[in-house]
Asks: 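Okay, here's the structure, questions in a sec.
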Amino acid sequence: AAEVDLSSLFKDAVTATEEAAEAQASDTAEAALNEARADAIQVIKAAKAAVKNAKVEAEEAREEARVAVKAAKAEVAKAEAAMEVAKAEAAEARIAARQAQAQAMEAVQAELSAAKKAKTEANAATQAARVLIQEAHSEAAEAMKTAKAAAEAAKAEAAE
């Protein structure tokens with residue numbers, strides 16, 4: 001009976017040891033599980049924070065892009081306005097150049113007309129002077145004839 005009790009005690013001890021080992025293993029597993037849970041919670045919190053930061057950064061980047069687009073649009077509008085002003089000024093300059101050219105042509109035409117008129121007047125004056133010179137020659141010739149005739153008559157009278 002003492003042997004059986006020993007054997008039975010041994011079996012009980014082995015069973016108790018196995019149960020203790022199982023319990024210890026269970027406790028270790030539970031601790032590992034709890035630690036893994038805590039780690040997972042930390043990872044999830046870090047991921048949530050990273051997502052939140054990424055959202056904030058993305059919104060900031062979107063806002064910066066909006067501001068940059070607005071500024072670019074304003075610059076484009078300024079450039080377009082300046083181009084319109086330049087086009088208008090160029091058109092005005094072309095009109096002024098055409099007007100100046102037309103005025104210059106008119107002035108040249110007026111000078112040409114005046115020169116032609118002066119030439120015509122000079123020709124007419126030259127012609128009139130020639131006529132006057134011709135008349136003066138004729139009158140002088142007449143006067144010479146008359147003077148010769150008077151001289152002849154005076155000689156004749158003196159001779160008588």
Side-chain angles (χ1 to χ4, degrees), residues 12-151:
D12 286 346
V14 168
T15 304
T17 303
E18 285 174 357
E19 284 176 1
E22 281 177 19
Q24 190 176 2
S26 173
D27 287 350
T28 302
E30 195 172 322
L33 184 64
N34 286 341
E35 193 175 317
R37 273 194 197 127
D39 288 349
I41 287 169
Q42 288 303 314
V43 167
I44 288 169
K45 282 182 181 175
K48 282 182 179 176
V51 166
K52 192 175 185 181
N53 286 343
K55 282 182 180 176
V56 167
E57 287 174 10
E59 186 53 41
E60 286 173 359
R62 271 196 294 273
E63 189 56 34
E64 286 174 10
R66 276 190 215 108
V67 169
V69 165
K70 274 186 185 177
K73 283 182 179 174
E75 287 300 316
V76 167
K78 275 188 204 171
E80 285 175 350
M83 202 167 76
E84 289 303 315
V85 168
K87 278 184 188 174
E89 288 174 354
E92 287 174 12
R94 278 194 297 275
I95 290 167
R98 284 190 196 119
Q99 288 174 345
Q101 186 180 15
Q103 288 172 353
M105 291 295 280
E106 285 173 17
V108 167
Q109 289 296 336
E111 285 181 23
L112 282 174
S113 295
K116 282 181 186 172
K117 187 177 176 186
K119 184 179 177 186
T120 303
E121 288 173 1
N123 287 343
T126 303
Q127 196 62 36
R130 283 190 188 129
V131 169
L132 288 174
I133 290 169
Q134 202 70 33
E135 287 175 4
H137 280 300
S138 296
E139 286 174 11
E142 268 317 298
M144 294 273 284
K145 283 180 188 174
T146 307
K148 273 185 185 178

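For reference, positions follow the sequence shown, starting with 1. Only heavy atoms go into these numbers, but all of them, side chains included; no hydrogens, no water, no symmetry mates.
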Asks: If I take atom CD from residue Glu139 and atom CG from residue Leu132, how far apart are they, to the nearest 0.5 angstrom?
Replies: 9.5 Å
Asks: Working to the nearest 0.5 Å, report the span between OG1 of Thr28 and CG of Leu33.
Replies: 12.0 Å
Asks: Pairs in or reaching into residues 64-80: which pass side-chain hydrogen bond (donor to acceptor under 3.5 Å, both in side chains), with residues at least two apart or in two chains?
Replies: Glu63-Arg66
Asks: Could you list the donor-acceptor pairs under 3.5 angstrom formed between side-chain atoms of residues 110-121 and any protein atom two or more places apart in sequence or on another chain?
Replies:
unit_1: Ser113; atom_1: OG; unit_2: Gln109; atom_2: O; d: 3.0
unit_1: Thr120; atom_1: OG1; unit_2: Lys116; atom_2: O; d: 2.8

Asks: Side-chain donor-acceptor contacts of residues 44-59 below 3.5 Å, not counting sequence neighbours, with atom names and distances?
Replies:
unit_1: Glu59; atom_1: OE1; unit_2: Arg62; atom_2: NE; d: 3.3
unit_1: Glu59; atom_1: OE1; unit_2: Arg62; atom_2: NH2; d: 3.0

Asks: Going from CZ on Arg130 to CG on Asn123, what distance comes out if it is rounded to the nearest 0.5 angstrom?
Replies: 8.5 Å
